Engineer: 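Structure provided below as structure tokens; questions to follow.
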Amino acid sequence: MAEIFQIGNKKIEAEALIGLLRRYQLLPQLIRGIIIDEAIASYECTETERKDLLEKFFTQNKLETPEARSSWQQVQGLTDSQLEDVVMRPTRLSRFKQEKFGHKVESYFMTRKPALDRVLYSLIRTKDLGTAQELYFRIQEEEQSFADLAKQYSQGGEAATGGLVGPTPLVTPHPAIARTLAISQPGQLWPPTRLEEWFVLIRLEKFYPAQLDENTRQQLIDELYESWMKEQIQQIGAVKPA
């Protein structure tokens, strides 16, 4: 069995190394890294980008002198070329993601939009139906504000915020609440509804439809990339010694 390397007095061979990677739950990370290496192999940085990225890396990590850089590399066990690879890797990976998944974002956004829409709503929870009905009529008749009544009567954590919840993705609340909010108009107050052991009052305050802006675009590209990565890892399956 071929020896790989030695740590202190311990010699680690190939078969033992795989076992250690599994034991310390590092094998998925290794597989992921190998997949990324293959994916970004054809993506390079220009000389200007290389210099700028290295300079930024050195500044962020307070490695502004040759001595500091040399000492850090020695501790990390990185050669100059390996250090450059580490620093350039995020930029190269970003280019791979944009090229492979950027053109899929618009259609993917349409399937994900219901989960990306956000809502701000007011909620009162009580275990007493009579109390819930009374609070409903007080709010409807504008005798007291929803916020004041929530602070006084709601039995959930929303009492601390005057009943306000969010803004939060529409898929986050209990499914029954989410369905109600999805068909609500801003300001619409719903009569008491039974929800498990609670009676709830719900009012939609504001609806925030998802927009395909730059942040959302990047989020969706990352989601597509992670789905692709999961498929790649599954295809590789268990690692076996050569």
Side-chain angles (χ1 to χ4, degrees), residues 2 4-5 7 12-66 68-113 115-116 210-242:
I4 302 298
F5 58 85
I7 300 178
I12 302 177
E13 299 177 342
E15 187 173 350
L17 180 60
I18 295 298
L20 288 172
L21 289 171
R22 286 198 177 101
R23 177 180 177 183
Y24 300 127
Q25 300 180 353
L26 295 173
L27 191 55
Q29 185 176 338
L30 174 62
I31 295 172
R32 186 183 181 96
I34 292 172
I35 293 171
I36 291 174
D37 282 343
E38 293 180 354
I40 68 176
S42 61
Y43 296 86
E44 299 295 341
C45 294
T46 66
E47 182 62 21
T48 299
E49 288 173 331
R50 186 188 72 83
K51 290 180 179 179
D52 289 344
L53 289 169
L54 282 171
E55 188 61 34
K56 183 178 180 181
F57 177 84
F58 291 145
T59 299
Q60 288 177 340
N61 290 276
K62 298 181 171 31
L63 303 173
E64 298 175 350
T65 67
R69 296 171 191 174
S70 177
S71 177
W72 183 86
Q73 284 182 238
Q74 199 168 29
V75 171
Q76 299 297 321
L78 295 174
T79 65
D80 289 344
S81 61
Q82 289 169 337
L83 172 62
E84 288 194 12
D85 181 63
V86 169
V87 175
M88 308 301 144
R89 191 179 180 86
T91 298
R92 296 168 65 199
L93 179 58
S94 178
R95 286 180 180 161
F96 165 75
K97 289 180 182 180
Q98 292 292 336
E99 183 171 307
K100 186 169 184 64
F101 307 110
H103 64 284
K104 299 179 180 180
V105 169
E106 283 74 14
S107 59
Y108 183 54
F109 172 73
M110 297 309 297
T111 65
R112 288 281 285 117
K113 187 178 182 302
L116 297 173
Q211 303 291 327
L212 189 53
D213 55 20
E214 193 55 39
N215 288 337
T216 303
R217 182 180 182 83
Q218 188 57 56
Q219 174 188 337
L220 297 180
I221 286 176
D222 288 340
E223 288 183 10
L224 288 166
Y225 164 73
E226 289 299 331
S227 295
W228 172 84
M229 176 62 73
K230 184 177 180 180
E231 292 175 359
Q232 299 305 304
I233 293 174
Q234 289 174 341
Q235 288 174 13
I236 289 174
V239 174
K240 299 178 181 179

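Predicted, not measured: the structure shown is a model, and the values here were computed from it.
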Engineer: What are the two closest non-hydrogen atoms of Trp228 and Ala39, and how far apart are they?
Structural biologist: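 Scanning both residues completely, I find the closest heavy atoms to be CH2-CB, 4.0 Å.
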Engineer: Under the side chain to side chain contact (heavy atoms under 4.5 Å, CB included) test, which residues partner Glu99, sequence neighbours left out?
Structural biologist: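 Applying side chain to side chain contact (heavy atoms under 4.5 Å, CB included) to Glu99 gives Tyr43.
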Engineer: Which value, rounded to the nearest 0.5 Å, describes the distance between Thr59 atom OG1 and Leu54 atom CG?
Structural biologist: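 If I round to the nearest 0.5 Å, the distance is 10.5 Å.
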Engineer: Without swapping roles, check the side chain of Ser94 against the backbone of Pro90 for a donor-acceptor pair under 3.5 Å.
Structural biologist: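 No; zero donor-acceptor contacts below 3.5 Å.
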Engineer: Starting at CD of Glu84, measure out to OG of Ser81 and round the result to the nearest 0.5 Å.
Structural biologist: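 If I round to the nearest 0.5 Å, the distance is 7.5 Å.
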Engineer: Could you tell me whether the side chains of Asp222 and Gln218 share a donor-acceptor contact shorter than 3.5 Å?
Structural biologist: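 Yes, side-chain donor-acceptor contact under 3.5 Å.
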Engineer: CZ of Arg32 to CD1 of Ile233: how many Å apart, nearest 0.5 Å?
Structural biologist: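 CD1 of Ile233 is found 6.0 Å from CZ of Arg32.
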Engineer: Given the rule in the side chain to side chain contact (heavy atoms under 4.5 Å, CB included) test, do Val86 and Gln76 qualify, once you have shown the distances and angles that lead to the verdict?
Structural biologist: CA-CA 11 Å; Val86 169; Gln76 299 297 321; over 6 Å; no
Engineer: Examine the side chains of Gln235 and Glu231 and answer whether a donor and an acceptor come within less than 3.5 Å of each other.
Structural biologist: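 Per modelled atom types, Gln235 and Glu231 side chains form no pair under 3.5 Å.
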Engineer: When you compare the side chains of Thr46 and Thr48, does any donor N or O come within less than 3.5 Å of an acceptor on the partner?
Structural biologist: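 Result is no, nothing qualifies.
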Engineer: Once rounded to the nearest 0.5 Å, what's the spacing between atom CD of Glu38 and atom CZ of Phe96?
Structural biologist: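 Going from CD on Glu38 over to CZ on Phe96, the span is 10.5 Å.
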Engineer: Taking all atoms of both residues into account, what is the closest heavy-atom pair of Gly102 and Ile221, and its distance?
Structural biologist: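 In terms of heavy atoms, the two residues are closest at CA-CD1, 4.2 Å.
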Engineer: State the CG-CD distance between Leu220 and Glu106, to the nearest 0.5 angstrom.
Structural biologist: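 The distance works out to 9.5 Å.
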Engineer: In Å, rounded to the nearest 0.5 Å, how long is the span from CD of Glu55 to CG of Leu53?
Structural biologist: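 Spacing of CD (Glu55) from CG (Leu53) equals 11.0 Å.
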Engineer: Is the backbone N or O of Ile40 less than 3.5 Å from a side-chain atom of Arg95, with the two atoms forming a donor-acceptor pair by type?
Structural biologist: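 Answer holds: no.
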Engineer: Quick check on salt bridge (Lys or Arg N to Asp or Glu O under 4.0 Å): which of Arg112, Arg217, Lys230 does Glu223 satisfy it with?
Structural biologist: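 Only one option passes, and that is Arg112.
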Engineer: Within the side chain of Ser71, is there an N or O that forms a donor-acceptor pair under 3.5 Å with the backbone of Ala68?
Structural biologist: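 The answer is no, because no donor-acceptor pair under 3.5 Å joins these two groups.
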Engineer: Short question: side chain of Arg69, backbone of Leu63 - any donor-acceptor pair under 3.5 Å?
Structural biologist: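 Looks like yes, one N/O pair under 3.5 Å.
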Engineer: Take Leu83 and Trp72, measure what side chain to side chain contact (heavy atoms under 4.5 Å, CB included) needs, and give me the verdict at the end.
Structural biologist: CA-CA 10 Å; Leu83 172 62; Trp72 183 86; 3.5 Å; yes
